[in-house]
Visitor: 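Sharing a structure with you now.
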2 protein chains.
Amino acid sequence: MNSIEAACVERNIRMTRQRKVISKVVAESSGHPNVEEFYELANAINPKISLATVYRTLKLLEQCNIIRKLELGKGKARYEEVDICHEHYHLIDLDTGEIIEFYDEHFKNLKEKIARELGYQLDSYNIELYGRSLKGKEKD
Amino acid sequence: MNSIEAACVERNIRMTRQRKVISKVVAESSGHPNVEEFYELANAINPKISLATVYRTLKLLEQCNIIRKLELGKGKARYEEVDICHEHYHLIDLDTGEIIEFYDEHFKNLKEKIARELGYQLDSYNIELYGRSLKGKEKD
DNA sequence: CTATGTGCAAAGGGTTTGCAGGGGA
DNA sequence: TCCCCTGCAAACCCTTTGCACATAG
């Protein structure tokens, strides 16, 4: 059983055929796929799974804190598996669209400190950097 | 002439009646209005201005670096006047939707340092904190 | 067996666009 | 004058939803 399905079982989520397929696809994916990509991967396993079900299942997984939705700009949402042990942020390569994860201790502490100073209890955050590679790698 | 219109003139942007009205409305607004709010404000001055024109003008202003578009979540985009002298970030009150601007020297330096360390030239960023007020002000 | 999930297609919300007519410089 | 801008409505894109049928437990 894959990590996503295990997390579902742990939360007593009813495991339908479709949810098993989508869980597998999410567990085995790397990078930050969007809904359509998950849909295609799921369809490669079971061509009858509908886009609506993929949307509904991803929303369910998100609400159960199993995956996290990334809304970079107004385009399609992307997803990543939640890993509470490794908080991280994202740097997006403007030329390739590549999403680089990074961690920084100062960032982590700073955002909590700032929220507190402003009189707020930090709930969540959105930290994205956009940039271009300095390594002269021209790519399309 | 207001600050937005002045910035347009400086960039040789053709000033139509509609653009003058929208510029005025943007210049005089406070907070972070969304397109519909600008549309209503503009219509209070000239009821014939269309939503499409508001969208087109805001996009123009954004492309000319006169205003900045904030995409907080997937809802309606919000806007603020660009002020290169006062870089800042946003904290969003989850209960009221209020957007609090803040500045932090460490944040500013940190993001540039991190991008550089990852081999990137920082182009832009998106830093939003979401939280709830500690001041026990229950509001709707 | 029953509550819950699914597929389909239509609806939804925000934003963009094609086109024909209008109007700055 | 000439090209750019505008209003209108339709189109777009991503996502959600109503409904009738299917199915996990």
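By convention in this document, chain letters (A, B, ...) are assigned in the order of the sequence lines, proteins followed by strands, and residues within each chain are numbered from 1. For clarity, every value in this text was computed on a predicted model and none was experimentally measured.
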Visitor: Within the structure provided, determine whether A:Thr57 and A:Thr16 are in side-chain contact (heavy-atom separation under 4.5 Å).
Guide: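 Answer no - side chains too far apart.
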Visitor: For A:Tyr39 and D:dT16, what is the distance between atoms OH and C1' respectively, to the nearest whole Å?
Guide: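 After rounding, the gap between these two atoms is 16 Å.
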Visitor: Output yes when at least one side-chain N/O atom of A:Lys59 is less than 4.0 Å from OP1 or OP2 of D:dT16, else no.
Guide: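 For D:dT16, OP1/OP2 do have a side-chain N/O of A:Lys59 under 4.0 Å.
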Visitor: Select one nucleotide: of C:dT6, D:dA24, D:dT6, the one nearest the side-chain heavy atoms of B:Arg19.
Guide: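 Between C:dT6, D:dA24, D:dT6, the one nearest the side chain of B:Arg19 would be D:dT6.
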Visitor: Does B:Lys113 come within less than 4.0 Å of B:Glu117, counting only side-chain N to carboxylate O?
Guide: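 B:Glu117 and B:Lys113: salt-bridged.
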Visitor: Once you round it to whole Å, what is the distance between P of D:dC14 and CZ of A:Phe38?
Guide: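 To the nearest whole Å, that distance equals 16 Å.
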Visitor: Using the rule side chain to side chain donor-acceptor pair (under 3.5 Å), only one of B:Glu37, B:Glu80, B:Arg68, B:Glu98 pairs with B:His32; which is it?
Guide: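 In the set B:Glu37, B:Glu80, B:Arg68, B:Glu98, the residue that makes a side chain to side chain donor-acceptor pair (under 3.5 Å) with B:His32 is B:Glu80.
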Visitor: Choosing from D:dG7, D:dT15, D:dT17, which nucleotide comes nearest the side chain of A:Ala52?
Guide: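 Nucleotide nearest to A:Ala52's side chain: D:dT17.
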Visitor: What is the separation between atom NZ on B:Lys20 and atom P on C:dG24, rounded to the nearest whole Å?
Guide: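 Rounding to the nearest Å, NZ of B:Lys20 and P of C:dG24 are 8 Å apart.
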Visitor: The side chain of A:Arg56 is closest to which nucleotide in this list: C:dG7, C:dA25, C:dG5?
Guide: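 Of all the options, the side chain of A:Arg56 is nearest to C:dG7.
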Visitor: Distance check needed: D:dG7 P versus B:Leu51 CG, whole Å only.
Guide: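 From B:Leu51 CG to D:dG7 P: 10 Å.
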Visitor: What is the distance, to the nearest angstrom, from the CG atom on B:Asn34 to the C1' atom on C:dT15?
Guide: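 Taking CG of B:Asn34 and C1' of C:dT15, I get 13 Å after rounding.
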Visitor: Tell me whether the count of non-hydrogen atoms from other residues, nucleotides or ligands lying under 6.0 Å of CD in B:Gln121 goes above 12.
Guide: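 Result for CD/B:Gln121: open.
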Visitor: To the side chain of B:Ser50, which of D:dC8, C:dG24, C:dA3 is closest?
Guide: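 Among the listed nucleotides, the one closest to the side chain of B:Ser50 is D:dC8.
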Visitor: Within less than 4.0 Å of OP1 or OP2 of C:dG7, is there a side-chain N or O belonging to A:Thr53?
Guide: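 Answer is yes, contact under 4.0 Å.
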Visitor: From the list C:dG14, C:dT17, C:dA9, which nucleotide is the closest neighbour of the side chain of B:Tyr55?
Guide: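 Given the options C:dG14, C:dT17, C:dA9, the side chain of B:Tyr55 is closest to C:dG14.
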Visitor: Please determine whether a side-chain nitrogen or oxygen atom of B:Thr16 lies at a distance below 4.0 Å from atom OP1 or OP2 of D:dC4.
Guide: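 Checking B:Thr16 against D:dC4: no side-chain N or O falls below 4.0 Å of OP1 or OP2.
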Visitor: Take atom CG of A:Asn46 and atom C1' of C:dT6, then tell me their distance rounded to the nearest Å.
Guide: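 From A:Asn46 CG to C:dT6 C1': 11 Å.
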Visitor: In whole angstroms, how far is the P atom of D:dA24 from the CD1 atom of A:Ile13?
Guide: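 Taking atom P of D:dA24 as the reference, CD1 of A:Ile13 is at 16 Å.
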Visitor: Checking side chain to side chain contact (heavy atoms under 4.5 Å, CB included) between A:Ser23 and each of A:Gln18, A:Glu5, A:Glu28, which is the one that passes?
Guide: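 Of all the options given, the one that passes is A:Glu5.
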Visitor: If you check every side-chain atom of A:Arg14, which of D:dG7, D:dT15, D:dG25 has the closest atom?
Guide: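 Looking only at heavy atoms from C-beta outward on A:Arg14, the closest nucleotide is D:dG25.
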Visitor: Just checking B:Lys74: base, sugar-phosphate only, or nothing, at a heavy-atom cut-off of under 4.0 Å?
Guide: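 Nothing, no heavy atom under 4.0 Å.
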Visitor: Here's a test of your reading of the structure: between B:Met15 and A:Leu60, which maps to the more 5' nucleotide of DNA chain C?
Guide: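 Per heavy-atom nearest nucleotide, the more 5' residue is A:Leu60.
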Visitor: Heavy-atom nearest nucleotide on DNA chain C for B:Gly75 versus B:Gln18: which residue maps closer to 5'?
Guide: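 Checking each residue's closest nucleotide, the 5'-ward one belongs to B:Gly75.
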Visitor: What's the CG-P distance between A:Leu58 and C:dT6, to the nearest Å?
Guide: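 From A:Leu58 CG to C:dT6 P: 12 Å.
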